Amino acid sequence: MKKLVLTTILSIFAMVTFAAGEAEIKFEKTSHDFGTFSESSPKVTYVFKFTNTGDKLLVIHQAIASCGCTVPQYPKEPIKPGEGGEIIVTYDGAGKFPGHFKKSITLRTNAKQEIVRLYVEGDMVGK
């Protein structure tokens with residue numbers, strides 16, 4: 001009898017664990033090079049596209065840039081399995097010294113890979 005109860009409990013646990021699934025975030029690319037742009041037009045923007053390839057809702061809890069000159073915008077609502085979304089990243093070089101930059105955006109999600117980093121870089125040349 002004890003064996004039957006233990007087997008039943010383990011079976012239920014296995015089914016619940018399997019049914020829970022996981023969200024997975026897959027980006028088309030995780031880095032972007034803006035190339036060369038002028039200090040007279042210091043704002044540049046790139047859209048990182050992703051898909052939830054998992055079988056659970058994907059939630060992006062935070063998107064944090066490595067500095068205040070880089071601003072990420074991300075979806076606040078959950079992304080359904082099979083659907084996609086966008087992380088819009090704007091770098092604003094106004095008031096910054098011309099030259100090369102490389103910035104990171106750290107995403108915290110409920111996906112299998114909880115932390116994902118995106119990168120933008122470029123060269124701002126003087127006026």
Side-chain angles (χ1 to χ4, degrees):
M1 183 68 176
K2 287 182 183 181
K3 213 176 206 185
L4 178 63
V5 171
L6 182 60
T7 303
T8 304
I9 291 171
L10 288 175
S11 296
I12 291 171
F13 178 75
M15 286 188 291
V16 168
T17 302
F18 180 74
E22 286 185 298
E24 281 193 53
I25 189 167
K26 180 173 173 135
F27 281 89
E28 290 178 0
K29 58 189 252 185
T30 56
S31 64
H32 177 72
D33 188 342
F34 290 112
T36 302
F37 60 95
S38 175
E39 184 180 16
S40 60
S41 297
K43 273 191 183 182
V44 287
T45 300
Y46 184 74
V47 178
F48 289 95
K49 296 182 181 195
F50 67 87
T51 304
N52 178 1
T53 58
D55 54 8
K56 185 178 175 186
L57 290 175
L58 170 67
V59 178
I60 299 174
H61 300 295
Q62 289 180 309
I64 302 169
S66 58
C67 94
C69 58
T70 306
V71 179
Q73 296 174 321
Y74 63 97
K76 306 298 190 273
E77 68 282 346
I79 308 297
K80 294 177 184 175
E83 293 188 1
E86 299 176 340
I87 308 293
I88 302 167
V89 177
T90 301
Y91 171 79
D92 186 353
K96 305 291 180 195
F97 289 108
H100 185 78
F101 67 89
K102 184 169 185 174
K103 305 296 178 184
S104 66
I105 298 87
T106 303
L107 303 177
R108 194 172 65 80
T109 73
N110 71 328
K112 184 177 182 179
Q113 181 182 350
E114 293 176 8
I115 303 294
V116 177
R117 284 196 178 77
L118 305 174
Y119 298 93
V120 292
E121 66 179 304
D123 289 293
M124 186 171 71
V125 295
K127 293 180 185 178

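A quick note: this is a predicted structure, and the numbers were derived from the prediction, not measured.
Legend: disulfide (SG to SG under 2.5 Å) pairs involving residues 83-127, not counting sequence neighbours: none detected. Sorted by first then second residue, the disulfide (SG to SG under 2.5 Å) pairs that include residues 44-119, not counting sequence neighbours, are Cys67-Cys69. The list of side chain to side chain donor-acceptor pair (under 3.5 Å) pairs with a residue in residues 84-97, not counting sequence neighbours, reads Thr45-Thr90. Residue pairs that meet the side chain to side chain donor-acceptor pair (under 3.5 Å) test with at least one member in residues 112-125, sequence neighbours left out, are His100-Glu121, His100-Asp123, Thr106-Arg117. Among residue pairs with one or both ends in residues 57-74, those qualifying as side chain to side chain donor-acceptor pair (under 3.5 Å) are Gln62-Arg108; sequence neighbours excluded.
Of all heavy-atom pairs spanning Ala63 and Pro72, the tightest one is O-CG, 3.5 Å. Counting all heavy atoms, side chain and backbone alike, Pro81 lies closest to Gly54 at CB-O, 3.2 Å. Shown here for Gly93 and Met124, the closest heavy-atom pair between the two residues is O-CE, 3.3 Å. Nearest heavy-atom pair, Ala111 versus Ile25, reported as atom, atom and distance to 0.1 Å: CB-N, 4.0 Å.
Here OG1 of Thr109 is found 7.0 Å from CD1 of Ile115. Values are rounded to the nearest 0.5 Å. Going from atom CD1 of Ile60 over to atom CD of Glu77 covers 9.0 Å, rounded to the nearest 0.5 Å. Here the CG-CZ distance, from Leu58 to Phe50, works out to 6.0 Å after rounding to the nearest 0.5 Å. In this structure, Leu118 CG and Tyr46 OH are separated by 10.0 Å, a value rounded to the nearest 0.5 Å.
For Lys29, the NZ atom counts as densely surrounded, since its 6.0 Å shell holds more than 12 non-hydrogen atoms of other residues, nucleotides or ligands. Dense packing is recorded around NZ of Lys103, with more than 12 heavy atoms of other residues, nucleotides or ligands lying under 6.0 Å away.
No chain of hydrophobic side-chain contacts below 4.5 Å, direct or via other Ile, Leu, Val, Met, Phe, Trp or Tyr residues, connects Val71 to Phe48. Transitive grouping of hydrophobic side chains (ILVMFWY, heavy atoms separated by less than 4.5 Å) brings Phe37 and Val120 into a common cluster. Cluster membership for Ile105 and Val44, using ILVMFWY side-chain heavy atoms within less than 4.5 angstrom, is shared. Phe27 and Ile79 end up in the same hydrophobic cluster when Ile, Leu, Val, Met, Phe, Trp and Tyr side chains are linked at under 4.5 Å.
For the 3.5 Å distance criterion, the side chains of Ser38 and Ser40 qualify, holding a donor opposite an acceptor.
Grouped by direct or indirect side-chain proximity (heavy atoms under 4.5 Å, Ile/Leu/Val/Met/Phe/Trp/Tyr only), Ile88 sits with Val47.
Using modelled atom types, one side-chain atom of Asn110 and one backbone atom of Leu57 make a donor-acceptor pair closer than 3.5 Å. Asn52 contributes a side-chain N or O that, together with a main-chain N or O of Glu24, makes up a donor-acceptor pair within less than 3.5 Å.
Looking only at side-chain heavy atoms (C-beta outward), Val59 and Pro78 come within less than 4.5 Å of each other.
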